[in-house]
Amino acid sequence: MRGPLVCDLMSRPVVSAGPGTSFKELATLLAGNGIAAIPVVDEHRRPIGVVGEADLLARHGRDARRERGLRRLRVWTKAQGLTARELMTRRVPTVAKDEPLAGAARRLVETGLRCLYVVNAAGHLVGVLARRDVLRAFLRPDEELKETVEREVLQRSIRADLSTVEVRVDEGVVTLSGVIDRRSEVERAEWLTESVPGVVAVRNRLKYTQDDGAATELR
C-alpha cells in the first residue's frame, strides 16, 4: 500500500543559513520567521548542522555572566562576531523525502524532535517536516479516508470483494465490517488501515470464513 510520503506534506522552501552567518543574522532569521531552529548548509545545500534558540541563549548566558555593568551592550557587541559554524550542533536529524510519512511521524514521536530536515537522494536539503505538518494529515475528510481504505487497503492490498465489506468513517474513526476470506486478512486489514495517515482509530468488526486454510465456522 502506497501511503503519503514525507515529500507530500513537508514544508518548503526551507529557511537556512551558511556556516558564516553571524549571531545577529541567525537571531533575526529565527525571530523573523517564527521558527525555533535553523539548518546550516554547505555550498551544495547539504545540511551540516543546526542552530536553535537554545544555542543562542546559551551563548548569551555565558557572555552575560562574564560581563557586568554594561552587560547588554557588550553581549551584543561580542555576539555579532560569532558564526553559525561556532554555534551549531553538528548532529542533524534528517529524513529522506521518499520515506513513508507514517515512519517519519513515528520517529518524531519516539525521539521527541520538533522537526526533521528532508533531503533528496544526493543529500541536499529540500524541505522540513514538522509536527504540525504531520497533524495536517488528520484534517483529511472522512469521505477521502473511506475511499483510501477501500482502494488501497481492501482492494489493492487485501483484494477483498467490496460487495461483502463495508467501510464507515466518523471523525477519522474507521469501522470495518462484513466478511472476507481468511483470518490473517482480517488482522492485516486492521493494521493496514491504522497506518493510513489521518486515521484516528480502527474498529474491526470483520468476520472470516477460513482460519487461514482450516475449515472453521464463520465466527
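The figures here come from the full heavy-atom set of this structure, side chains too, leaving out hydrogens, waters and symmetry mates.
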Any side-chain heavy-atom pair from V119 and P47 closer than 4.5 angstrom?
-> yes
Can you find a heavy atom in the side chain of T83 that is under 4.5 Å from one in the side chain of F23? no
Contact check, side chains of V40 and T21, non-hydrogen atoms, under 4.5 Å: no
Do the side chains of L30 and I48 join up, straight or via other hydrophobic residues, at under 4.5 Å, putting them in one cluster? yes
Short side-chain donor-acceptor distance under 3.5 Å, T148 and R140:
yes
Under 3.5 Å, sequence neighbours excluded: what are the donor-acceptor pairs made by side chains of residues 11-20?
residue	atom	partner	partner atom	Å
S11	OG	D133	OD1	2.9
S11	OG	D133	OD2	3.3
S16	OG	R45	NH1	3.1

Connected to V109, directly or through other members, by ILVMFWY side-chain contacts below 4.5 Å are none
With the side chain counted from C-beta on, respond yes when V128 and L116 share a heavy-atom pair under 4.5 Å apart, and no when they do not. no
Looking only at heavy atoms, the pair that brings H44 and H124 closest together is O-CD2, 3.2 Å
dist I180:CD1 -> T164:OG1 (nearest 0.5 Å) comes out at 8.0 Å
Any side-chain donor near an acceptor of the partner, T28 and E25, under 3.5 Å: no
I'd like to know if F138 and V153 are part of one continuous hydrophobic network [Ile/Leu/Val/Met/Phe/Trp/Tyr, side-chain heavy atoms within less than 4.5 Å]. no
- Kindly check if the number of other-residue, nucleotide or ligand heavy atoms within 6.0 Å of CZ (R136) is above 12? yes
Taking the side chain as everything from C-beta on, heavy atoms only, tell me whether L9 gets closer than 4.5 Å to V134.
no
**Message:** Using the rule that Ile, Leu, Val, Met, Phe, Trp and Tyr join whenever any side-chain heavy atoms are under 4.5 Å apart, tell me whether V149 and V165 fall into a single cluster.
**Reply:** yes
ask   = Is there a donor-acceptor contact under 3.5 Å from the side chain of D170 to the main chain of V173?
value = no
*Kindly check if the number of other-residue, nucleotide or ligand heavy atoms within 6.0 Å of CZ (R131) is above 12?*
yes
Problem set entry | Validation row: V167, T175 side chains within 4.5 angstrom (heavy atoms) | no
Value for CD (E187) from CG (N204), rounded to nearest 0.5 Å, stands at 9.0 Å
What one should report as the nearest heavy-atom pair of C115 and A130 is CB-CA, 3.9 Å
The side-chain contact (heavy atoms from CB on, under 4.5 Å) partner of Y208 among D181, V186, V179 is V186
* Asked: Can you hop from V95 to L125 via hydrophobic side chains spaced under 4.5 Å?
  -> no
- Task: For the pair E110 and R107, find out whether any cationic side-chain nitrogen is under 4.0 Å from an anionic carboxylate oxygen.
- Result: no
For E152, is there an ion pair with R156 - N to carboxylate O distance below 4.0 angstrom? yes
### Message
With heavy-atom distances below 4.5 Å as the criterion, would you say the side chains of T111 and P93 are in contact?
### Response
no
Note to self: If you count every heavy atom of other residues, nucleotides or ligands that lies below 6.0 Å from R132 atom CZ, does the total exceed 12?
What the structure shows: no
| Are any non-hydrogen side-chain atoms of Q155 and R159 less than 4.5 angstrom apart? | no
Here the gap from L154 atom CG to R188 atom CZ, rounded to the nearest 0.5 Å, amounts to 11.0 Å
Sorted by chain and number, sequence neighbours left out, salt bridge (charged side-chain N to carboxylate O under 4.0 Å, His left out) with R168 holds for E166
When rounded to the nearest 0.5 Å, the distance separating CD1 of I38 from CG of D55 is 12.0 Å
